[in-house]
Amino acid sequence: MQVLVADDDPISAMILEGVLTNLGYSVVVANDGEDAWEKLRQCDCRIVVSDWEMPRMDGLELCRKIRSRDVGSYVYVILLTSRTGSHNLVEGLRAGADDFVTKPFDSAELRVRMFVGERIVSMESRDLVIFTLAKLAESRDPETGSHLERVREYVRVLGERLSTHERYGSEIDPDFIRMMYLTSPLHDIGKVGIPDDVLLKPGRLTKDEMNCMKLHTVIGGKTLDAALRAHPSASYLKVARDIAWTHHERYDGTGYPNGLAGEDIPLCGRIMAVADVYDALTTKRVYKDAMPHHEAKEILLAGCGTQFDPAVIDAFEQGEMEFIRIKEMMEDQGESTEPEPNAVDSPNVLTN
Amino acid sequence: MSTPAIDVNPATEADPVIEFDELMDRCLGNLDLMERAIEAFIGQFPNDLANVGRAIEVGSKAEIAAIAHRMKGSASNIGATAIASELKRLELAANGNKLRDAAHRYEALRGEWSRLLHAIG
Ligand SMILES: [Fe+2]
């Protein structure tokens, strides 16, 4: 990650540059606010560590300029303040500073504060990337409407209910729920790799076409796995990968692509399966009416222990009222004009 | 013109001229960075000192304060604590409109600087 250091004192700038380089950042040095502002426009620095008092343009003014810039991504600003100076932190915050480090700086403290900044900046780009990817997948998916929005809500409800479950409680914390909420829209991302004549085929698919369609789990899973290998610390990518890869696995081991069974299927995949099927059943398509909640519920309960994890079905029953509320609130307006490539053929409920 | 401020904790001969442990921590144990920083500090200081001297001669308080402030940043980051304290006093004197006091501080600063040069040979 590129970091900009702004300090009019060359010795301090040199030490800051050396320390931040040691910490793995790529550092650009500016010798005052004016210079920093110029360099910010030329490079892609996401974190700025700036001295407060500088000639030409001081740290506060630099902050204000950064905040008033109407394009580009969020820049995290850390201001250096002297321990004894009369710097007004409120004034700094008002100018748009995110954090402060006292001078002479303590490297351990700087490291922690940089880490916080990095986390915030990467969260922003993470959400953006996921949103873009999900939208891309959606544009190729005839199942448009609010499918993605509803499904992520269902996933959240299931996650919250399961977090109180004695077996899964330890596995599900608010972070896990947040990551599932964030990445569940990517579950069918692999559909971008399915040829049009299969993906957009009206009516029933042949066996070969069905096998081809099933590959969307592998394509999506592998794509996200490659991203995860490049960024092993990005735990949300692991959740995204697991969801894409395993949301069509069945609890009894007869699902696809790998025929995983029981708890060999990642929990997020087992949760996604219930949310995805419920939405497919209760949504109106050209060839079928929306199934009322109680019928969809019957089908889900019938699949308990065969298609679905009983614990997730429990969670569904507990959160039933919320499911109904979400379904009603986020109902698609009008009819989908695109035909559904794969019918939901109950009792072997199959979404795609 | 007021009387010179009282030194709260003036440096003594026993005080280290550079707090090497502190600098080492700050540089995350990077000896090369430490060396480069000290070299740059020693290379730059005489020039800055001369500039402060000139600003005192012409009585430019703003300039004294500005240079002293920047020098203080260098000195404190390098771990030259005694020099940093002197620079802080100099900056305060200039900001407080106390030119005579500033001149005193300047002499003390020069003294600290010689002590540092002497100590590191
Ligand atoms: Fe799917």
Side-chain angles (χ1 to χ4, degrees), chain A residues 3 5-25 27 29-36 49-61 78-87 100-115, chain B residues 8-9 18-49 51-52 62-63 65-92 94-96 116:
Chain A
V3 173
V5 165
D7 202 319
D8 60 314
D9 163 35
I11 312 288
S12 304
M14 175 198 271
I15 299 177
L16 269 171
E17 181 189 13
V19 167
L20 290 171
T21 305
N22 264 23
L23 292 177
Y25 298 99
V27 185
V29 178
N31 46 40
D32 60 41
E34 208 55 86
D35 187 25
V49 180
S50 173
D51 194 11
W52 190 302
E53 282 159 57
M54 291 182 290
R56 297 211 296 165
M57 187 196 292
D58 66 10
L60 282 187
E61 190 52 31
I78 299 175
L79 279 182
L80 296 167
T81 68
S82 66
R83 219 174 283 278
T84 50
S86 55
H87 299 141
F100 304 93
V101 168
T102 48
K103 292 196 305 182
F105 69 93
D106 174 307
S107 287
E109 183 192 343
L110 180 67
R111 167 191 247 150
V112 175
R113 295 189 185 270
M114 289 297 293
F115 184 69
Chain B
V8 183
N9 45 4
I18 293 179
E19 312 262 3
F20 283 100
D21 289 349
E22 192 192 309
L23 179 59
M24 173 85 99
D25 280 350
R26 183 161 303 119
C27 294
L28 300 171
N30 183 337
L31 288 175
D32 171 61
L33 177 60
M34 273 176 78
E35 227 168 87
R36 278 191 295 125
I38 293 175
E39 256 171 43
F41 179 72
I42 290 171
Q44 184 188 292
F45 202 88
N47 225 341
D48 287 339
L49 201 59
N51 287 337
V52 178
E63 204 179 339
I67 303 173
H69 179 81
R70 188 172 45 73
M71 290 170 82
K72 185 185 72 184
S74 296
S76 62
N77 266 328
I78 212 85
T81 339
I83 286 185
S85 307
E86 279 309 333
L87 282 161
K88 191 182 142 200
R89 292 184 188 109
L90 177 58
E91 185 189 357
L92 282 175
N95 280 334
L116 182 138

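So you know, we letter chains A, B, ... as the sequences are listed, proteins then strands, and number each from 1.
- Distance check, rounded to the nearest 0.5 Å: CD1 of Ile15(A) to CD1 of Ile78(B) gives 4.5 Å.
- Scanning all heavy atoms of the two residues, the minimum distance from Asn22(A) to Cys27(B) falls at ND2-O, 4.0 Å.
- Atom NZ of residue Lys72(B) and atom CG of residue Asp9(A) lie 11.0 Å apart, to the nearest 0.5 angstrom.
- Summarising the geometry of Ser76(B) relative to Pro104(A), their closest heavy-atom pair is O-CB, 3.6 Å, with the distance given to 0.1 Å.
- Rounding to the nearest 0.5 Å places CE of Met14(A) at 7.5 Å from CG of Leu33(B).
- When Asp8(A), Asp7(A), Leu16(A) are compared by the number of non-hydrogen pairs under 4.5 Å with chain B, Asp8(A) comes out ahead.
- Judged purely by atom type and a 3.5 angstrom limit, Asn77(B) has no side-chain atom pairing as donor or acceptor with the backbone of Ser12(A).
- Contact of the Arg70(B) side chain with the Asp51(A) side chain is not registered, since no non-hydrogen atoms from C-beta on lie closer than 4.5 Å.
- The side chain to side chain contact (heavy atoms under 4.5 Å, CB included) test with Ile11(A) singles out one residue from Glu39(B), Arg36(B), Gln44(B), and that residue is Gln44(B).
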